[in-house]
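This report concerns only the one structure given below.
Both counts, for ligands and for their atoms, begin at 1 and track the order of listing.
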Amino acid sequence: MSEQGPFRLGVLGSGLGSNFDSIAQGCAAGAIPAEIALVLSDAEDSGILRSAKALGVPTSFIAPGKYRTKLDETAEAEYIAALQEAEVDLVVLAGFMRILKGEFLKTYEGRVVNIHPSLLPSFPGLEAWKQALDHGVKVTGCTVHFVDQGVDMGAIIAQETVRVRDDDTAESLLARIHDAEHRIYPAAIAMIAHGEIEQRGRRTFHKVDP
Ligand code: GAR
């Protein structure tokens, strides 16, 4: 953890980077009292790396190694080393499509957050908005949660609902979920950076000074 100075975020992503953009805007506007210290990606040609570079944020592509859904041991050690070198206080997963476990979560226990495109615990895993549409739910949404050893299982910090319309396609539903993600993720990170989120068991509480 950084000894002093601003709260430092390390953002990990694999894709477009629209959540990264909303977090970077929140930091620049002062809505999130933090700075983005580092962006890491397992995809060399990802939008998130391009966006971060354009903003002058330090970036690194770290190859994930031999597995399809997780980091191998060498890659995991490289991710940890890069985040430690950058003195990151909070690891922010923004569309990082690898499961983090073991050593990574031991090192950053209670300091990793994720955004997921459904109202967890419904529809964990891949393409959650499609799962929701196919299941026929009338309301879905997105969830910000702490990351623990289970997949999409950690304590919930924030959620926003999105109504499913009769004429929705997967694309139109995902677009509205993304809009909601871009509201709740920066807001949740701001609360954490302010030290306002307290976790007791599976529940989290937003404590604000009276
Ligand atoms: C977001 O919709 C996020 O919820 C999802 O990836 C997308 C990344 O978009 N994450 C997961 O599904 C994790 N299980 P972005 O690259 O534009 O931020």
Tell me: protein heavy atom nearest atom 11 (C) of ligand 1, and distance?
Pro117 CD, 3.7 Å

Quick check on the 6.0 Å ring-centre criterion: do Phe96 and Tyr79 meet it?
yes

Distance under 4.0 Å to a non-hydrogen atom of Ser18: what atoms of ligand 1 satisfy this?
15 (P), 16 (O), 17 (O), 18 (O)

Going by heavy atoms, is Ile115 under 4.0 Å from ligand 1?
yes

Give a yes or no on whether Glu44 atom CD has more than 12 heavy-atom contacts from other residues, nucleotides or ligands under 6.0 Å away.
no

Applying salt bridge (Lys or Arg N to Asp or Glu O under 4.0 Å), run through Asp42 and Arg98 and close with a yes or a no.
CA-CA 8 Å; Asp42 60 335; Arg98 304 266 164 187; 2.8 Å; yes

Shortest protein contact, atom 6 (O) of ligand 1 (heavy atom only)
Gly95 CA, 3.6 Å

Would a hydrophobic clustering, with Ile, Leu, Val, Met, Phe, Trp and Tyr connected at side-chain separations under 4.5 Å, put Leu120 with Val139?
no

Answer yes or no for Lys207 and Phe205: cation-pi contact, defined as NZ/CZ to six-membered ring centre under 6.0 Å and angle to ring axis within 45°.
no

Let me see the working for Arg111 and Glu109 under salt bridge (Lys or Arg N to Asp or Glu O under 4.0 Å), right down to the final yes or no.
CA-CA 5 Å; Arg111 294 192 289 144; Glu109 191 181 353; over 6 Å; no

Using distance alone, determine whether His178 and ligand 1 share an N or O pair under 3.5 Å.
yes

Considering heavy atoms of the protein only, find what lies nearest to atom 4 (O) of ligand 1 and give residue, atom and distance to 0.1 Å.
Glu181 OE2, 2.5 Å

of all protein heavy atoms, closest to atom 16 (O) of ligand 1 is Gly17 N, 2.8 Å

Looking only at protein heavy atoms, which one is nearest to atom 14 (N) of ligand 1, and what is the separation?
His116 ND1, 3.3 Å

Does one side chain, of His178 or Ser18, offer a donor that lies under 3.5 Å from an acceptor on the other?
no

Looking at ligand 1, would Gly13 count as a contact under a 4.0 Å heavy-atom criterion?
no

